[in-house]
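Please read these numbers as outputs of a predicted model, since none were measured by experiment. In the text below, chain A, chain B and the rest are named by the order of the sequence lines, each starting its count at 1.
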Amino acid sequence: MRRILVTSALPYANGPLHIGHVLEAVQTDIWVRFQRLAGHECLYVCADDTHGTPIMLKAQADGVTAEELIAGVGAEHRATYRDFLIHHDTFHSTHSAENRELTERIFRVLDGAGYIARRTIHQAYDAKAEMFLPDRYVKGTCPVCGTKDQYGDSCENCGATYTPADLIDPVSVVSGTRPIERESEHLFFTLAKFEAMLREWTRSGAIDGSVANKLDEWFKTGLRDWDISRDAPYFGFEIPGHPGKFFYVWLDAPVGYMAASLKLARDRGLDWDAWWGLGSTAELYHFIGKDILYFHTLFWPAVLTGAGFRRPTAVHAHGFLTVNGQKMSKSRGTFINGRHYLERLPPEPLRYYFAAKLAPGIDDIDMSLEDFVSRFNSDVVGKLVNIASRCAGFIVRGGGRLAAALPDPALYAEFAAARTRIAACYDGRDFGAAIREIAALADRANQYIDGHKPWNLAKDPARAADVLAVCTEGINLFRALMLYLAPVLPAMAENAARFLGRPFGHWDDAATPLLGTALEPYVPLATRLDPKLVATLFAPEGVASAAPVAPPEPAAKAPPPPAPAAATVAPAAEISIEEFGRLDLRVARIAAAELVEGADKLLKLTVDLGGETRTVFAGIRSAYAPEQLLGRHVVVVANLKARKMRFGLSEGMVLAASDGAGGLFLVAPDAGAAPGARVK
RNA sequence: GGCUAGGUAGCUCAGAUGGUUAGAGCACGGGAUUCAUAACCCCGGGGUCGAGGGUUCGACUCCCUCCCUAGCCA
């Protein structure tokens, strides 16, 4: 058994997560889930990156403290990760006691070992705002080509790099005044002292080849010392022994990996040193985007080494996410926030799509919405789920129990043998190859069923055993594939396991077919994505993201008010379990929602109960706008007598909680529940 | 500007060390079928492998130049 600690990059706490963040988290989560299924100990930690000038200024602009800002953003981040089925063992914060403790400890060791240098620098200073300005906070005219409105570090037009002092007519972005130049003593980490170690480490297998090529460039130009201090005012940790000086956010951010695992170790009584100590035999992996390679492959291993800790086993960088071939951009309308997605669609199709497109390299990944729909609908619903769907009925008619033997053990053996190759793909982060292999096997399974035509055999009562045998084979092929997809589609795999009557425990469960056991009733494991709904991913931000059900916006002015106490309502009269059982509650997806002319409390909803659609008039207009509801999963009373209203026939009821004070809250199932599923 | 990576059918992508007619899924056309969520099965059309030059008996695959895209430049 391997002992593995995994991290994904810390999202910056100045705004909500977008689906690019989700891509990285999904990649990491799939890898972690696979390792666990394969029997290894694998823990996944992450945290919010909460320090720095941008957060300080955003909090000021929003009229809140930085602590309030990051608390609000943190709540949104946690909820969004959770709803994409990302399982963090710990999701912590860099603004934490553990991180302060470790950052200070690392600094003291580095300083004591002579790795911290002091040097006076000249930096742009905003006299009005009384703060030093990072290069990006000074704008002006490019001194090389004369383009106006360029940042203080480089020109977007001609590509020239320079310092803010070189700009013509520089202006502080903070106050709009002309910055002056000021001296300040800064602390530097002597990176160059680690060159030999870094050259060796980057070629030790810790970095993929093409990425190591990129690092060569940095060695070629020579490693420079790294400025790790910033002057007050700054939101972060003050440097011990240097009043008014703060650790640069990029110093304490990766320490956040250690801090999150320290929190985990203390919560669960685990041995933190076994992960981070010099003699550690555990594996340590960082999943990151290619934009922050620099920090993770030079500074970070050097800081760890200088402070007496082990280095990462490997740093895995992925490319960027583009949407329909374009960079995600708010102005182009191609920017998709995580919540914006979740308000419309379930998480697993996106997990599947990302998996299908992920490879070990740093190539950018394009999310074509059309491809997204067809990939999921065709691969997962049309092919994979179809195998179970088309066999289940025959098994039920044959007694509900799988046959005692497989009619084609050789075919099953091929499926079982594929687990070694697919495991290698997962372990090597080539999820795309794993998905291709699984999809090809799903085709073989459908071909097998098509070749044996159980629906023809079923016409002859004498061949009932053959029908059962063919479908037992089919169900077992399905079971193997579902297990192979469990890291990608955890909720669907769990539902499939329930149908199969046996949980997936280990990757090698695929080696042995399931025979002679009873199946639970089949419920649809996935529904097709509606292209019209997917198209609304591009709806302008703000239309739906202001939904009251969304977690507090990052810019929350104040902590959310406590929910009014709703417990003062007396319980209704007692009922028996039988009486309760008469209620047919179902999960439903809201397929359409519209205002009702002449009714100021009602919305007309079209709900999908997994094959059947109904019209329901719901009195929730005061709390929800129609566009907020599209795609949401709710619970409806499916056997409520239809009621004729002035506006039409209402064929059910949508469940919502109310607090007596006008508050209205729709009841929703956890992620993964499919429309039509019975609630009980 | 420098560096790293990418540019393969309408779309999204596979193609180890150069070697018979360049592959898949989706989309499209035809056929078959009705067990399955208008799913599945069979057949087919469709690409001068970014452009130009070079090395080679032979290049999508190696070399050079150029064009386009993305990221990084502490």
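Using a 4.0 Å heavy-atom criterion, one finds that A:Gln447 contacts the sugar-phosphate atoms exclusively. The residue A:Gly474 sits apart from the nucleic acid: no heavy atom pair falls under 4.0 Å.
Taking the P atom of each, B:U21 and B:U37 are spaced 45 Å apart, rounded to whole Å. A gap of 33 Å separates the P atoms of B:U56 and B:A14, to the nearest Å. Separation of the C1' atoms belonging to B:G25 and B:C40 is 15 Å when rounded to the nearest angstrom. To the nearest whole angstrom, the two P atoms, one in B:C64 and one in B:C28, are 44 Å apart. The C1' atoms of B:U33 and B:U69 are separated by 46 Å, rounded to the nearest whole Å. For the P atoms, the distance from B:A22 to B:C67 is 31 Å, rounded to whole Å. Spacing between B:G47 and B:A38 at atom C1', rounded to whole Å, works out to 31 Å.
Pair assignment for B:C66: B:G50, on the basis of Watson-Crick or G-U wobble contacts that are both within less than 3.5 Å. Searching all strands for a Watson-Crick or G-U wobble partner of B:C40 with both distances below 3.5 Å returns nothing. Here B:U56 sits opposite no nucleotide as a Watson-Crick or G-U wobble pair (both hydrogen-bonding atom distances under 3.5 Å). Across the strands present, B:U12 finds its partner in B:A24; the criterion is a Watson-Crick or G-U wobble pair with both atom distances under 3.5 angstrom.
Aromatic rings of A:Phe354 and A:His318 (six-membered ring for Trp) have centroids beyond the 6.0 Å cut-off, not under it. Outside the 6.0 Å centre-distance limit, the rings of A:Phe237 and A:Phe246 are not counted as a close aromatic pair.
No N or O donor and acceptor, one from the side chain of A:Arg436 and one from the base of B:A24, sit under 3.5 Å apart.
Listed by chain and residue number, nothing satisfies the salt bridge (charged side-chain N to carboxylate O under 4.0 Å, His left out) test with A:Asp291 (two or more places apart in sequence, or in another chain).
The cationic atom of A:Arg136 (NZ for Lys, CZ for Arg) lies less than 6.0 Å from the six-membered ring centre of A:Tyr151 and within 45° of the ring axis.
Side-chain nitrogen and oxygen atoms of A:Ser378 include at least one within less than 4.0 Å of the OP1 or OP2 phosphate oxygen of B:C26. Between A:Lys290 and B:C73, a side-chain N or O to OP1/OP2 separation shorter than 4.0 Å is absent.
Classification of A:Lys290 and A:Asp364 as a salt-bridged pair holds, one side-chain N sitting under 4.0 Å from a carboxylate O. Salt bridge annotation for A:Asp363-A:Lys357: absent, with no cationic side-chain nitrogen under 4.0 angstrom from a carboxylate oxygen.
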What does nucleotides 30-38 of chain B look like as a protein-contact string, B for base, S for sugar-phosphate only, - for none, at under 4.0 angstrom between heavy atoms? ---SSBBB-
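The side chain of A:Ser374 lies closest to B:C26 when the candidates are B:C26, B:A74, B:U12.
For the residue pair A:Thr190 / A:Asp225, no side-chain donor-acceptor distance below 3.5 Å is found, with atom types taken as modelled. A donor and an acceptor atom, one from each side chain of A:Arg463 and A:Asn456, are nowhere located under 3.5 Å apart.
Separating the CG atom of A:Asn377 from the P atom of B:C11 is a distance of 21 Å, rounded to the nearest angstrom. Here B:C72 presents its C1' atom at 13 Å from CH2 of A:Trp250, a figure rounded to the nearest Å.
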